[in-house]
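Structure record follows, encoded as structure tokens.
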2 protein chains.
Amino acid sequence: MTVTMEDIARRTGVSQVTVSRALNNRSRISKETKQRILKEARRLNYRPNAVAAALAKKRTLSLGLVIPDITNPFVAEVTKHIESTATENDYSLVVYITNNDLEKEDASIRSLMERRVDGIIINHSRSNTPIQAIMDLKKEGFPFVLTGVMEGIETDYVMIDLAEGAYQATRHLAGLGHKRIAFLTVDYGHFKQDGYKKALGEGGIDFDESLVIRCRPGLVGIEEAIGKVLAMQDRPTAIFGLNDFQVLRAMEVLDNLGLAVPQDMALIGFDDVMFASHLKVPLTTIAQPMEQIGKMSVEILLKKIEKPTHPPWQVMLKPQLVVRESCGEKLR
Amino acid sequence: MTVTMEDIARRTGVSQVTVSRALNNRSRISKETKQRILKEARRLNYRPNAVAAALAKKRTLSLGLVIPDITNPFVAEVTKHIESTATENDYSLVVYITNNDLEKEDASIRSLMERRVDGIIINHSRSNTPIQAIMDLKKEGFPFVLTGVMEGIETDYVMIDLAEGAYQATRHLAGLGHKRIAFLTVDYGHFKQDGYKKALGEGGIDFDESLVIRCRPGLVGIEEAIGKVLAMQDRPTAIFGLNDFQVLRAMEVLDNLGLAVPQDMALIGFDDVMFASHLKVPLTTIAQPMEQIGKMSVEILLKKIEKPTHPPWQVMLKPQLVVRESCGEKLR
DNA sequence: TCAAACTGCGTATACGCTTACGCAAGCAGG
DNA sequence: CCTGCTTGCGTAAGCGTATACGCAGTTTGA
């Protein structure tokens, strides 16, 4: 059915190895036989079998990507750049979407290992909950890169300076006169908390433990948290800690309650996603360099594949405040 | 380095074939040896080599996906359901993003063929420009499904009744009193045109050829087209034909010119993407059943893989008008 | 001018798994 | 007691490619 090197060899009167040499542009073959073989290959519509090549070379020329939610425009944009960088380097991308399900994340990574991808990029959504499959990758020396970090394990990663982002966000809010700024920690909260505290300090505002609210994952988590914020006596005037995608949900909740942004509640996002500037109330947010994140994670992974024993490459990228309207004017 | 069935066989004193039987849960093996083998496999931390299995079985248990732009929330949402349906059936997904580049689309499909994925889902962005790689798929009997259609080739597909969608959209606009409705055709325009004309007819509005404007691909195409619309004497009061993602760009252009939606120009989208209801002016649009599109394209592809010679499965899904604010109230 | 290097191939083997088939032992039925 | 089926393995072959190595003939260099 499908044509193999053997077929071409038979028809051109050479050995399979010679065909391999011709097709892979190797030396030690004469111009003439090479041309003859290439011509015959084209005539037979030969398609190299990458599976067989992978088995022989122990290299699949494919990378794995594990992400929580492609529907989040931030993830989508990063994915776009991961894909383009991968294909530029002749790698294909095997994608798994976990929906924040840790079991599926674990299963996805194991599946990628069995499929013998050359390396894996993981956007691990919960920095503080380690996952067995990732520990295994580390232990077995399987090349992988984290987008973000996982606590308690020394790995290659590309991440954002979250403390810096949180600092900029909180400082912005404080500068506008907000004193009670609720801090919703969905994940990576502990990184952000440093920046949050620092900005409060500089603004002469005391840190209030009751203002930091731990969210459960998923959109319900957001709703619950907003509820808690609104129920507080001495109600906060601003909320920080959600990413743009989550802020969208928060806006919806507030809207349903007849509360206006930013008059009744200031909101600040994280990511600076495509639609952020197009919202009813354009979103003030912390921009992340998505192209860089994507590009660098692939580049680091490829380096790791070359030198698996090299000490971890770790990149920390800077985020940047983008002021729009969701935090409003100066208070009073 | 990595442990194989051979290793397990040696350590348990059986043949490699017996190990294969144990691990793949085949019959003709005693409970005891099976347990012994499984235990040893676990002890050695054995990971099956899917590449070798694929070569032997001539089946990779992976599907290819070719999409134009993962950054478009419509595509992202469909992709999400494609992925989940694929993994539910033990398939992995190899994703290529073309950025509307036909050459990359062609290359992506060829790459997937060489990688011997069991089938391919293609979101071909230009229904009217056939692509050689797709013709080859067809000719060689390689299983694939189109999300949308390609003219001049009989294939399996899952698509939306675009004429119906266009009809609903145009009727809605006509019902609000719009007489001059610009029709921007980016792609699949000829399908939509039928519905557009039908609704005009019912509304007692003459079809005006000059109102249909062909857009070049990409965001610049949108800008140009908007420019043309605005430059027309007897300027149209509404624009139809763009998808939600493109409408976002249109809104931006209009906004920059100080034109208000819907007062100065009514806009209607296509897709009903996640952010549509959150925009400055919430978007009236034609909703597509994204989950169904994703699920069905995988299901059809899997059927095709089972029976490659079966006549094409072709599914036509219904879209639905969602009225919000971007077309405004009744005119006058 | 002769050894050394290079050219253009072929043969053998490996990659890790699956599938077809063979074969001895055990067991049932007549 | 013999036939025929079943159980529990093993052996052989194959999937399509890459790599190591060998070898005759030719070219190169001092």
Side-chain angles (χ1 to χ4, degrees), chain A residues 1-38 40-41 44-62 90 111-118 140 142, chain B residues 1-38 40-41 44-62 90 111-118 140 142:
Chain A
M1 194 68 238
T2 73
V3 15
T4 70
M5 287 187 177
E6 197 53 58
D7 298 326
I8 301 174
R10 222 173 301 119
R11 288 171 212 263
T12 60
V14 298
S15 77
Q16 173 260 323
V17 173
T18 303
V19 175
S20 172
R21 276 193 273 255
L23 295 174
N24 293 313
N25 222 349
R26 296 229 174 292
S27 57
R28 286 170 151 274
I29 185 176
S30 74
K31 289 272 180 218
E32 301 79 42
T33 30
K34 186 174 184 173
Q35 287 312 317
R36 205 153 40 92
I37 290 169
L38 291 182
E40 186 66 11
L44 293 180
N45 202 10
Y46 170 76
R47 294 186 195 285
N49 185 326
V51 175
L55 180 61
K57 290 201 293 190
K58 298 180 158 227
R59 249 167 153 261
T60 54
L61 283 181
S62 64
D90 290 320
S111 173
L112 288 169
M113 295 176 80
E114 296 187 357
R115 294 193 133 86
R116 298 296 194 268
V117 296
D118 296 333
E140 299 178 25
F142 198 110
Chain B
M1 197 64 238
T2 74
V3 16
T4 70
M5 287 187 176
E6 196 53 57
D7 298 325
I8 301 176
R10 221 173 302 120
R11 288 171 213 263
T12 61
V14 299
S15 79
Q16 173 259 324
V17 174
T18 302
V19 175
S20 173
R21 276 194 272 256
L23 294 174
N24 294 313
N25 222 351
R26 296 229 174 289
S27 59
R28 285 169 152 274
I29 185 176
S30 74
K31 289 270 179 220
E32 300 80 44
T33 30
K34 187 174 184 173
Q35 288 311 317
R36 204 153 42 92
I37 290 169
L38 290 181
E40 187 65 11
L44 293 180
N45 201 10
Y46 170 74
R47 295 186 194 286
N49 185 326
V51 174
L55 181 60
K57 291 203 291 192
K58 296 175 162 238
R59 247 165 155 265
T60 54
L61 282 182
S62 64
D90 290 320
S111 174
L112 288 169
M113 296 177 80
E114 296 188 357
R115 293 194 133 86
R116 298 296 193 268
V117 295
D118 296 333
E140 299 178 25
F142 198 111

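Worth saying up front: this structure is predicted, and the values here are computed from it rather than measured. Lettering of chains follows the sequences in order, A, B, ..., and the numbering in each one begins at 1.
- B:Arg26 comes within contact range of the sugar-phosphate backbone alone, with a heavy-atom separation under 4.0 Å but no base atom that close.
- The A:Ala53 side chain lies nearest to D:dT17 when the options are D:dC9, C:dG10, D:dT17.
- Listed candidates were D:dG10, D:dA18, C:dT18. Nearest to the side chain of B:Arg21 is D:dG10.
- Using a 4.0 Å heavy-atom distance criterion, B:Leu55 is classed as a base contact.
- Within 4.0 Å of A:Arg59, counting heavy atoms only, lies no atom of the nucleic acid at all.
- Between the P atom of D:dT17 and the CZ atom of B:Arg115 lies a distance of 15 Å, rounded to the nearest Å.
- Note on B:Lys58: every side-chain N or O is 4.0 Å or more away from OP1 and OP2 of C:dT18.
- The base of D:dG10 lies outside donor-acceptor range of the side chain of B:Arg28, with no N or O pair under 3.5 Å.
- Residue A:Ser20 has its side chain nearest to D:dA18 when only D:dC9, C:dA20, D:dA18 are considered.
- B:Gln16 comes within 4.0 angstrom of a base, heavy atoms only.
- Between D:dC9, C:dT18, D:dA20, one nucleotide has an atom nearer to the side chain of B:Ser30 than all others, and that is D:dC9.
- Residue A:Ser15 is classed as a base contact, given a heavy-atom separation below 4.0 Å to a base.
- Listed nucleotides C:dC9, C:dA12, C:dC17 differ in distance to A:Ile29; the shortest reach to its side chain belongs to C:dC9.
- What separates CD of B:Glu6 from C1' of D:dG10 is a distance of 13 Å, to the nearest Å.
- Although no hydrogens or angles enter the test, the distance criterion places no donor-acceptor pair under 3.5 Å between the side chain of B:Arg116 and the main chain of B:Leu55.
- Taking the nucleotide of DNA chain D with the nearest heavy atom to each of B:Ala52 and A:Lys57, the more 5' of the two is matched to B:Ala52.
- Between B:Thr33 and B:Ala56, the residue anchored nearer the 5' end of DNA chain D, judged by the nucleotide with its closest heavy atom, is B:Thr33.
- Among the atoms of the strands shown, only primed sugar atoms or phosphate atoms (P, OP1, OP2) are found under 4.0 Å from some heavy atom of B:Val14.
- One finds no side-chain N or O of B:Tyr46 lying less than 4.0 angstrom from the OP1 or OP2 phosphate oxygen of C:dG16.
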Begin from the C-alpha positions of B:Leu23 and B:Tyr46 and carry the test side chain to side chain contact (heavy atoms under 4.5 Å, CB included) through to its verdict.
-> CA-CA 10 Å; B:Leu23 294 174; B:Tyr46 170 74; 3.4 Å; yes

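- For the pair A:Thr4 and D:dC15, the criterion of a side-chain N or O lying under 4.0 Å from OP1 or OP2 is not met.
- In this structure, the CZ atom of A:Arg116 is 21 Å from the P atom of D:dT17, given to the nearest Å.
- Using a 4.0 Å heavy-atom distance criterion, B:Ser27 is classed as making no nucleic acid contact.
- At least one donor-acceptor pair closer than 3.5 Å links the side chain of B:Arg36 to the backbone N or O of B:Thr12.
- Between the CG atom of B:Asn49 and the P atom of C:dC17 there is a distance of 6 Å, given to the nearest Å.
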